[in-house]
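Note sheet for the following structure.
The analysis underlying the following values was restricted to heavy atoms, covering all of them including side chains, and did not include hydrogens, waters or symmetry mates. Just so we're clear, the structure is a prediction, and the values are computed from it rather than from any experiment. Residue numbers start from 1 in every chain, and the chains themselves are labelled A, B, ... in the order their sequence lines are given, proteins ahead of strands.
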Amino acid sequence: MTTEAGTETEVKEKSEESAAQPDQSEKATEENQEVASAENVATEGEEKKEKDKEGKGISRFLPPWLKKQKSQSQVPGKETSPTKEAPRTQEAVAKVTEEEEGPAPAVNGHPEEVEEKEEVKLEQKRESPSKASADTQPAKEEKVEESAEKAPEEAKSTAEGEGAEEEKKEQKGEVEGEGEGETLTSIFQSPLRLVRKAKMKLVVCHVTLLDGTEFPCEVEKRAKGQYLFFKVCEHLNLLEKDYFGLTYKDNHEQRCWLDPTKEIKRQIRSNNWQFAFNVKFYPPDPSLLTEDITRYLLCLQLREDVASGRLPCSFVTHALLGSYTLQAELGDYEPEQPRPLDYISQLTFAPNQNKEMEEKILELYMSHRGMTPAQADSQFLENAKKLSMYGVDLHHAKDSEGVDIMLGVCANGLLVYKDRLRINRFAWPKILKISYKRNNFYIKIRPGEAEQFESTVGFKLPNHRSAKRLWKVCVENHSFFRLNTPEPPTKARFLTLGSKFRYSGRTQTQTRQASSLIDRPAPTFERTSSKRISRSLDGAPVISITEAGRDLASSAENGREPNLELPSDSKVQEVELSLGDVEATPTQSHGPTEPVLSQSPLRVHGDNIYVRHSNLMLEDHDKTQEEVLKHQASISQLKRSFMEAPPPSPPQPNQWEKRLTSSPATTLRIQQQQQQVVSVAQTEAAAADNTNSDTKEPGKTTEVEIEETVVIQEVSKATKPGHVTVTMAPPVTPPVQQEVREQEVKAAEEAVALEEAKAGKQESISSESESEEEAEYHPNVAASISHTQIPEEKEEEIEEEKREEDMKVENSYSTPDAASLPTVASQSAEAAAAEAEESRREEERGKKERAEEEERAEERETEESTEDPMVTPDETPNGHTLSEEGTAALVALAEEEKEPKMNGETSLAEAEPRPQVICCSEPPVVKTEMVTISDTFAAQKTEIATKEVPIVHTETKTITYEAAQLDGSADGEPGVLMTAQTITSESLCTTTTTHITKTLKGGLSETRIEKRIVITGDADIDHDQALAQAIKEAKEQHPDMSVTRVVVHKETELAEEED
Amino acid sequence: MAGLMAGFGNFTHAVVRGIPVSLAKEALRGKESEVDVAKARREHEAYVEVLRMRLGLEVVELPADESLPDCVFVEDAAVVCGDTALITRPGAESRRKETEAMKCALKELDLNIVEMTDETATLDGGDVLFTGREFFVGLSKRTNQRGAEILADAFKDYAVSTVPVLEGLHLKSFCSMGGPGLIVIGSSEPAQKALKTMQQMSDHRYDKLTVPDDLAANCIYMNLPNKGHVLLHCTADEFPESVKVFEKLKDHMLIPVSNMEKVKVDGALTCCSVLINKKANI
């Protein structure tokens, strides 16, 4: 069976060329069948009757036993509201199916689907990390989803007469699943859910458009925000949709952004399906918008903003803007028109409109003769954009002294107003961290030239909700306006509570790039009269957003699905870690959400980083553009889809997506409930692998491609109310040290906490928000991520600098992580056990075994397909690690260069299974030997290692080899942790930590790779051999590099240790 | 027709006022000094002549009022931007009545008059720096928060940021605009600090021209139809070093204007006129 990656690529190509040949895909025949069914699903999303059939199709893929298991697994977690989860699962399934059918889209006549596919995957895997794809997805995807969702219920409704057929399909589905990791997800569907879902209703959403009209839109009750949004955009014929969003009123009558990635139903709470279409991000320069229709919609929003007083402007400006409005809507002034003032007075241009203003408007209007509507709109925008409050989203707050202030979030940063006066401003680059805790909102400020330390500024918001809203708006605005690409999903290594919310849509950069590819004749649209606006302003609660309302509204809740929260929580933490690297001490960074005044000796680094950042950003940006242009030709027919689909710059984004896709975290998120099972299975599979590798020479262990990080993430995710096989649990005493154990415990605890939190969230969305008492966001880190993501090998310095601290952190963690895995696993297993019944477990096991098999198969395939097996496995995991820490760039680089073949899917498959760590209850380490190959900081590292490995050592030996060429310049440059793997066998525990440091010297980039291999075990270790092996490997892996330093640190413990 | 915020520095009118004899003795001043009224008047005449003859502005000259020793410093009495004029409430009690004549004059010029009626508000025009894109209001001995708020209300199109003035009389005692996006700033520590504040508060980027003498940083920038960039600045007699800096502005028509006497009563170049663009916005 081909790996997903390969297939996918091929499929894409094919679809591009000939959309109608799904059968030719290289997938197995069964796949074809699946495809067919999937196609049906996709196509019939809109047609109910057909849906029914199709729905069955999907359900067919789900073996009954699998379904059962699934349901069971879910039950424990969401006892309260099992039904809620159902839709998601189903969606996931649907998506999976779709993915697998590369050709399907083409067949359906939606060439865009090809593009979308990737996104779909992304979405599925990490739900919202690449919001880019998610948000921007064309409606079709949604349709598919919808149909998928409906399918189950229909399947149920449909008699079981088709049982036989279904069975067949199920089997096929299984087969598929074996072949592809993602499919696993689908396999573990909950039939119960499906059944319960039975009567899925359609709901009519009423969306108030910017012109005041109402757009009724029928959606499936479980549809996500995205679906409705796309529907609306479709209705509006809007392509540049990233600037817009839907709002609804929450229970507190506050306007909230509808999260595209979440179900509508779970957001609106009340049964009030009323929405408004609004501008979410005001483009600083509307003239850069591609289409007039976009500008027109922006004008409509601004007219409302102005008329409502939300966007204050002077008398003259009111008059000027009003005159352009008239010109745009009415065309040239008609002198013979009777009593124009009467007409004008019917319109609302300003909150305090008077006769004088209307006369002025008329006067100016008459002077616009000859201006086309589009020109008038442009003029309108050119003036409106200069207004000081243009695009500023105000939030009520109090400063530390209890003084009422307003916090304004805008494209450039955070503004602090006292009454009308701006009393402070924090540009995004100045902000190191944004966080909230309860009703407090904090920003950590980069020190200025004079100051030495960061400072944290705190504000009091009226309540927790408003604090969170503000925080979200900040996160989104920062991401949209300042990042090149949305912040990647982070993985959970150490879990924290808090919101994992991140902006998942496209950034302005991306949307601009995408817009530049728009190639359609300017759509014709009708400019409706402002009369409507005014009317709606008067009476319609929907459209008139009061100032307060707006504030709220802007606090979009783009969060991810509740289920997804766990991962992102951890993400938060991780981000913090990385931040810490950037600016402060690692320890500090660990302290979660509490913004503390920190004194960071590394401060200077931070500044430098920032500056370089900007440079980087520009360069990268340019390149991207170029590439985009190049690419343009080849995808001309897909332009539209491209526009709507993935992040704009094809080359990079693709990599990006792949990486994301390959991220275990992503998978986890998507898989959510199902995943536990999967992960377990994988773990086992990996375990098997490990065992094999373990038997090898200690030195060789390095070769085993095991990603600790990945494992951990997996496990932590598994903590969800899933069932983890107990089998995994027992051998939990890793031959590591106390520290490690502590870590484990900690992790376990966290996991439990998370579980609980999660459970709470699942019960109700509202609780979700409440449960998120706090969250953090590190703008700068994020920024760096985006920049570094761009596959420019050279300018990674930033990263490295940041990494400096990071490395330490990483190091200290790497071992514990590995060790903690088993613990966590056991923990989750226990939890699962508590919740799940034994019978279920058995079922699970059966599944797991299958999964295992699949996994292995996949692994093999992957390796084969990968050009450089050694590198690839490492890198994929690396990607996770990096992204967690904000180092995503490196990974991206690596992937791009080395694994063109490697598809996100593939890597995913591998990554997950590998992370197996076999921990045995064998006696702890007796001897420890460390072999370190490093450049500059070897000594430093060794020390750390020693510390972190609290072995009782009676004998210590350090051997250092240093190449003469090593120059002083390598003064402890910060590095980037590329990998951290631990392989544990009965007698040995080998941990390999790889840091990559890249430096720019006189225009030349220097890459340094540091590998730290820690071998712990009670067996006799030939350290000479280990060293030789390590060097050899290092050379093999990086033939173009030279080994400059080798440090061997050997600790032998003679004393007997406790068990 | 100009759009919003176009034509920075383009002025058509100037309002000035004569120097009363009382200036010598009664005008407020930071530190004791003897003022020669005749000399000051000559200086002022030269100043007005530059505006009228050299630059071709239509100058509205208000008569001096002996009861208002500081009345020559009209800038403090009103802030004009576009076609809106904010009549201030000067921070110094003795100067409050200066606004009356100013209000009449500006009304005659058909500006939209906004008055600062709030009894708690104080604002001196000398604390208001308009950069073309936004306002900075110095919070000084003469200007308070409330005054700044009212200004912000009067000019809703623009961001209004407050800047603490730690030393000196007014914000513009050590800075002014030297061109679009160019802030002329003194080199004293308070001046530099204020500049930093302004830069931090602004969404826009400003270049700075640092002159050695704070007082020399007060100059008048105009962008006139037939003359391009015009800068009225101190003379070499007063601040030779600073003049050297101004002379580096190659694109500007540089017009040194003596201000030796008026400076003794804390009068700077900008203080002596209110500049208006009758065709500014629309």
Side-chain angles (χ1 to χ4, degrees), chain A residues 284 306 309 311-321 323-324 350-352 356-357 360-361 363-364 367-368 371 378-392 403 408 410-430 445 448-450, chain B residues 1-6 8 81-86 111-114 118 121 123 128 131-139 143-164 189 192-193 196-205 277 279-282:
Chain A
V306 168
L311 179 57
C313 47
S314 65
F315 174 89
V316 175
T317 305
H318 273 305
L320 184 62
L321 295 179
S323 68
Y324 286 127
N352 48 355
E356 188 190 359
M357 183 180 291
K360 185 76 178 170
I361 290 171
E363 176 194 331
L364 292 170
S367 73
H368 296 325
M371 200 178 275
S378 291
Q379 284 301 310
F380 179 96
L381 294 175
E382 282 308 295
N383 285 283
K385 76 173 188 190
K386 294 177 185 165
L387 296 169
S388 77
M389 298 305 286
Y390 173 84
V392 177
V403 177
C410 68
N412 296 320
L414 187 63
L415 303 167
V416 185
Y417 294 93
K418 189 174 171 199
D419 296 303
R420 275 249 148 79
L421 299 175
R422 186 184 289 183
I423 58 173
N424 214 338
R425 172 177 174 273
F426 303 100
W428 292 128
K430 282 284 281 180
I445 309 299
E449 298 165 18
Chain B
M1 159 169 36
L4 193 53
M5 299 181 199
F8 175 61
C81 180
D83 59 359
T84 300
L86 172 67
L111 295 174
N112 300 318
I113 305 294
V114 179
D118 191 322
L123 181 88
V128 179
T131 70
R133 292 302 306 268
E134 63 191 313
F135 285 97
F136 291 106
V137 178
L139 297 180
T143 300
N144 64 17
Q145 180 94 10
R146 185 73 192 119
E149 280 168 22
I150 292 170
L151 179 126
D153 244 356
F155 304 103
K156 290 197 182 76
D157 293 347
Y158 300 96
V160 179
S161 305
T162 53
V163 183
E189 197 175 307
Q192 291 294 321
K193 201 168 176 192
K196 281 237 164 57
T197 305
M198 290 190 279
Q199 286 173 329
Q200 190 204 318
M201 300 275 253
S202 176
D203 292 327
H204 309 289
R205 280 193 57 89
N277 183 8
K279 295 163 199 158
N281 293 321
I282 304 151

key: Residues A:K386, B:D157; criterion side-chain contact (heavy atoms from CB on, under 4.5 Å); working and verdict   = CA-CA 8 Å; A:K386 294 177 185 165; B:D157 293 347; over 6 Å; no

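- Classification of B:R133 and B:D203 as a salt-bridged pair fails, no side-chain N sitting under 4.0 Å from a carboxylate O.
- Neither the backbone nor the side chain of A:L311 has a heavy atom closer than 4.5 Å to any heavy atom of chain B.
- In this structure, CG on B:L151 lies 11.5 Å from OG1 on B:T162, to the nearest 0.5 angstrom.
- The greatest number of non-hydrogen atom pairs below 4.5 Å with chain B, out of A:L321, A:N424, A:L421, is found for A:L421.
- Chain B forms the most heavy-atom pairs under 4.5 Å with one residue out of A:G413, A:P312, A:C313, and that residue is A:C313.
- Proximity of B:I150 to B:R146: side-chain heavy atoms (C-beta onward) are separated by under 4.5 Å at one or more points.
- Residue B:T84 does not touch chain A at all, counting heavy-atom pairs closer than 4.5 Å.
- The contact between A:N412 and chain B is made entirely by side chain atoms (from C-beta outward), counting heavy-atom distances below 4.5 Å.
- Expressed to the nearest 0.5 Å, how far OH of A:Y390 lies from CG of A:N383 amounts to 12.0 Å.
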